[in-house]
*Asks:* 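One structure is given below, represented as structure tokens, and several questions about it will come after.
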Amino acid sequence: MIGRFSLLPEQASTVAGQVDTLYFFLVALSAFFSVLIAFVLFAFVIRYRRSRARKVVPTGGGFLALELTWTVIPFILVMIIFGWGARVFVTMRTPPDDAMQVYVVGKQWMWKAQHIEGRREINELHVPVGRPVRLLLTSEDVIHSFYVPAFRVKQDAVPGRYTSMWFEADKVGEYHLFCAEFCGTAHARMIGRIVVMEPAEFQNWLSGGSGSGDMLAEGEKLFEQLGCRSCHQAETGSRGPTLAGLFNKQVQLADGRTVVADDTYLREAILNPQAAVVAGYQPIMPTFKGQVSEESLLQLLAYIKSLQGPKAAGADAAAGSGKAHAMLPVHGGQS
Ligand code: CUA
């Protein structure tokens, strides 16, 4: 990794090759036209330099073929760039369903990561090789940007909201992690490393470490402490909708909107509940803004996401009967 000069960082993820190929194509295309134009310009300067022997030909129509050529060729080239770029972009933005989830919080000036199984790390991220990893990112203070050059991925971590990114490392090793958004005096020191390990080794690493509980257990503890349980019980008829099986389902809100209960919605529902009241319920939930840290919020989220809904198919038939509890979000997912 160090010592050998190369134009680009080494490639260590499944998309790195695709990104680089597209990049070289763009560079080659630009270089080709730059050289061509410079050459033609130079040739014309020589050929058509002012001399008494030459008369200036008046310009004006009559060059249809030429006009078409220099319109159609660039159009085709630009569409190739667009199509190719869009394909790579969509690949990079669509995490596979089986992606392993890791939660990351940026703050001045460090990266804090927690794994579902409980291990936490600072300015380091351990991941297994050959497995897609999805990061859910947020920030405690200002905008930071999670950048791993060897993976060719970069994503802003924005305070007050969740962003996500994914990658699949395909080479065991250690790689640079940078903050790529100026975030204050020690921005330049907000660096770390990504450690890509063999799966077995990674499992070993996961089960080691200090005795902090796993995210789900921590989340469940918070769920009790903050009193979430008293309203969001599994049984129907409680003051708040049940949260079992809620994640990624559609929710009908009191203001008529239908939203998907994703990470962002759950975050909003906890911090700003009045904006996310589920249809059929009273807006009685207090806000938890300022009471939970970003990391605790992620634990709570991980716990809520882990709650399984009732498997009974008959539950869907009960929905729409008009009773309040029939509007439970857990029954709302038809898609
Ligand atoms: Cu964090 Cu720059």
Side-chain angles (χ1 to χ4, degrees), residues 1-2 6-13 15-16 19-20 23 88-89 92-93 95 99-116 118-127 132-169 173-197 205 209-210 212 215 218 262-264 266-268 270-272 289-302:
M1 190 150 70
I2 297 154
S6 77
L7 280 176
L8 293 174
E10 72 176 306
Q11 301 177 340
S13 79
V15 296
V19 172
D20 289 359
Y23 175 75
V88 175
F89 178 78
M92 293 177 75
R93 292 307 309 173
M100 177 186 121
Q101 177 110 14
V102 181
Y103 297 83
V104 176
V105 177
K107 64 171 280 195
Q108 290 167 323
W109 287 276
M110 64 181 77
W111 293 108
K112 298 185 286 186
Q114 39 183 348
H115 297 259
I116 299 271
R119 270 207 85 153
R120 296 189 187 201
E121 36 189 347
I122 287 180
N123 288 343
E124 285 197 349
L125 179 63
H126 290 69
V127 292
V133 177
R134 177 174 180 261
L135 304 184
L136 191 69
L137 298 151
T138 189
S139 165
E140 263 176 47
D141 35 45
V142 298
I143 300 180
H144 303 277
S145 186
F146 195 95
Y147 179 34
V148 188
F151 296 169
R152 308 290 190 273
V153 291
K154 175 159 61 179
Q155 173 64 54
D156 280 3
V158 185
R161 78 159 80 148
Y162 292 134
T163 54
S164 75
M165 67 191 279
W166 83 276
F167 56 80
E168 180 179 333
E174 286 185 15
Y175 306 98
H176 289 295
L177 161 64
F178 295 119
C179 175
E181 179 71 51
F182 182 71
C183 55
T185 40
H187 156 72
R189 291 207 301 275
M190 192 167 162
I191 51 181
R193 59 187 191 135
I194 309 285
V195 183
V196 179
M197 311 167 96
W205 174 87
S210 59
S212 64
M215 281 186 81
E218 294 293 316
D262 55 7
D263 298 300
T264 300
L266 292 177
R267 177 196 176 84
E268 169 97 340
I270 295 167
L271 298 181
N272 188 13
K289 206 175 237 159
Q291 297 183 49
V292 274
S293 68
E294 289 295 345
E295 281 161 287
S296 301
L297 200 56
L298 289 172
Q299 292 167 348
L300 209 47
L301 208 67

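This chain uses plain numbering: 1 for the first residue, then up along the sequence. Every number for a ligand or one of its atoms is a count from 1 in the order of the listing.
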*Asks:* Can you give me the SG-atom 1 (Cu) of ligand 1-ND1 angle for C179 and H144, to 10°?
*Replies:*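 Taking atom 1 (Cu) of ligand 1 as the apex, the two atoms subtend 120°.
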*Asks:* Is any side-chain N of the basic residue among K112 and E294 closer than 4.0 Å to the acidic one's carboxylate O?
*Replies:* no
*Asks:* Test of geometry: compute the angle ND1(H187)-atom 2 (Cu) of ligand 1-SG(C183) and round it to 10°.
*Replies:*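 H187 ND1 and C183 SG form an angle of 120° at atom 2 (Cu) of ligand 1.
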*Asks:* Check this for me, if you would: do E181 and K154 make a salt bridge, where the nitrogen-to-carboxylate-oxygen distance has to be below 4.0 angstrom?
*Replies:* no
*Asks:* Pairing donors with acceptors under 3.5 angstrom, does anything connect the side chains of Q114 and Q299?
*Replies:*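 Yes.
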*Asks:* Does the shortest distance from atom 1 (Cu) of ligand 1 to an N/O/S atom of S145 fall below 2.8 Å?
*Replies:* no
*Asks:* Any ion pair linking R120 and E295 (charged N to carboxylate O, less than 4.0 Å)?
*Replies:* yes
*Asks:* Please find the N/O/S atom of E181 nearest to atom 2 (Cu) of ligand 1 and write down its name.
*Replies:* O
